[in-house]
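First comes the structure, then the notes that go with it.
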Amino acid sequence: MKVPSLTKKDVTPKVMEKGILFKEMPSWWVTLYTYILVGLFWYACNLFFAWIPPYLYEVFKNLRGLPTAWADLGLFWAQRGFLFIAIAAALYHQFWQIGTRYILTEHEIRIESWFPFRRVTSIPLTAIRRFSFQQNWLAVLLDFGIVEIDTASQSPVLLPNCPKPKVLIDHLKPWIAEHHSRLRNTHVAQ
């Protein structure tokens, strides 16, 4: 018996949950950029600790009362400490990126994050006063940016590394306009 193969027509596109207009995680490009920076920092750190120790030994010799063997131990652990901090920062950013979701529904914007602890921020669309997004030239090429949502609070809500910020703003515009027109009509009727 021959099993029929699937064609492109048979495969249905991914269906979003009801009421969700936009659901994305922060861009992978920024995580990749952090690992590139770690690699450059690793290289620069190795160069620094290969060239500078003779000069540091001279400084250490002029410090009276401290054995020069401490300089070797200090340089060894300083180099390892710098590299550990760089790798830990990149891993922290990657876990944050994996555990964060930006969700736009018909009634709210939710920012869900589980790293370093579980946190859900919900912004009702009626509370939004202004919104915008920022992109540098690299973010334009890779299609991500920072979305800023003003809710008339002390500081705006930021969605860093948001993929497809223009798509999010385009989905947000009609809903905000509808909510604000309802508010105006309610105020006029009163």
Side-chain angles (χ1 to χ4, degrees), residues 5-42 83-184:
S5 63
L6 290 176
T7 62
K8 264 189 165 177
K9 295 176 191 174
D10 299 328
V11 179
T12 59
K14 180 180 161 187
V15 178
M16 305 265 310
E17 298 172 32
K18 186 177 181 195
I20 293 182
L21 305 172
F22 181 87
K23 182 176 182 180
E24 292 287 334
M25 62 192 301
S27 176
W28 278 97
W29 290 109
V30 178
T31 303
L32 178 64
Y33 179 66
T34 59
Y35 280 108
I36 291 170
L37 285 178
V38 166
L40 292 173
F41 183 77
W42 188 291
L83 296 178
F84 173 78
I85 290 169
I87 292 170
L91 286 173
Y92 178 89
H93 188 81
Q94 181 177 5
F95 288 135
W96 171 83
Q97 186 267 337
I98 290 171
T100 302
R101 297 289 178 275
Y102 302 134
I103 302 169
L104 172 64
T105 67
E106 296 171 352
H107 305 288
E108 67 182 357
I109 294 177
R110 270 193 329 262
I111 305 164
E112 298 177 352
S113 180
W114 65 264
F115 189 80
F117 51 88
R118 178 85 174 137
R119 186 170 127 186
V120 177
T121 304
S122 177
I123 306 161
L125 296 182
T126 55
I128 297 174
R129 302 290 175 248
R130 289 187 309 259
F131 49 88
S132 64
F133 70 95
Q134 302 170 19
Q135 293 178 300
N136 61 16
W137 64 272
L138 186 61
V140 170
L141 289 175
L142 301 176
D143 198 20
F144 71 92
I146 299 172
V147 176
E148 182 177 328
I149 300 169
D150 185 14
T151 59
S153 63
Q154 288 184 347
S155 61
V157 176
L158 297 177
L159 282 63
N161 309 334
C162 182
K164 306 173 193 152
K166 179 135 177 50
V167 172
L168 175 66
I169 295 295
D170 289 342
H171 281 313
L172 193 58
K173 280 179 186 177
W175 291 97
I176 298 297
E178 180 184 328
H179 282 288
H180 286 292
S181 68
R182 270 195 230 149
L183 283 174
R184 270 188 248 121

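Using a 4.5 Å cut-off on side-chain heavy atoms (C-beta onward), Gln135 and Asp143 make contact. At least one side-chain heavy atom of Leu168 sits under 4.5 Å from a side-chain heavy atom of Cys162. Between Ile109 and Leu172 there is a side-chain heavy-atom pair separated by less than 4.5 Å. Inter-residue side-chain proximity for His93 and Val30 is flagged as met; some heavy-atom pair is nearer than 4.5 Å.
Atom CZ of Phe41 sits in a crowded spot, with more than 12 heavy atoms from other residues, nucleotides or ligands closer than 6.0 Å. For His107, the NE2 atom sits in a loose shell: 12 or fewer heavy atoms of surrounding residues, nucleotides or ligands are nearer than 6.0 Å. Heavy atoms from other residues, nucleotides or ligands lying under 6.0 Å from CH2 of Trp96 number more than 12. Heavy-atom neighbours of Trp42 CH2 from other residues, nucleotides or ligands within 6.0 Å: at or below the threshold of 12. The environment of Arg129 atom CZ is dense: over 12 non-hydrogen atoms of other residues, nucleotides or ligands sit within 6.0 angstrom.
In terms of heavy atoms, Pro163 sits closest to Ser27 at CD-N, 4.1 Å. Summarising the geometry of Asp150 relative to Pro156, their closest heavy-atom pair is CA-CB, 4.3 Å, with the distance given to 0.1 Å.
In this structure, CG on Leu91 lies 10.5 Å from OG1 on Thr31, to the nearest 0.5 angstrom. His171 NE2 to Lys164 NZ: the interatomic distance, rounded to the nearest 0.5 Å, is 9.0 Å. Here the straight-line distance linking atom OH of Tyr102 with atom NZ of Lys23 works out to 14.5 Å at 0.5 Å rounding. The line from CD1 of Ile111 to CG of Leu159 is 4.0 Å long, rounded to the nearest 0.5 Å. Rounded to the nearest 0.5 angstrom, Leu158 CG and Ile149 CD1 are separated by 9.0 Å. A distance of 12.0 Å separates CZ of Arg101 from CZ of Phe22, quoted to the nearest 0.5 Å.
Pairs engaging residues 119-170 under the ring-ring contact (aromatic ring centres under 6.0 Å, His included) rule: none recorded [sequence neighbours left out].
Every residue was checked against the ring-ring contact (aromatic ring centres under 6.0 Å, His included) condition with Trp175, not counting sequence neighbours, and none meets it. When the ring-ring contact (aromatic ring centres under 6.0 Å, His included) test is applied to Tyr92, the partners found at least two apart in sequence or on another chain are Phe115.
A distance-only check finds a donor-acceptor pair linking the side chain of Gln97 to the backbone of Pro26 [under 3.5 Å].
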**OP:** Might you work through the side-chain contact (heavy atoms from CB on, under 4.5 Å) test for Leu125 and Thr105, ending with a clear yes or no?
**Re:** CA-CA 9 Å; Leu125 296 182; Thr105 67; over 6 Å; no
**OP:** For side-chain contact (heavy atoms from CB on, under 4.5 Å), just list the numbers for Ile103 and Glu112, CA-CA rounded to whole Å, side-chain angles, deciding distance to a tenth of an Å, and then say yes or no.
**Re:** CA-CA 8 Å; Ile103 302 169; Glu112 298 177 352; 3.7 Å; yes
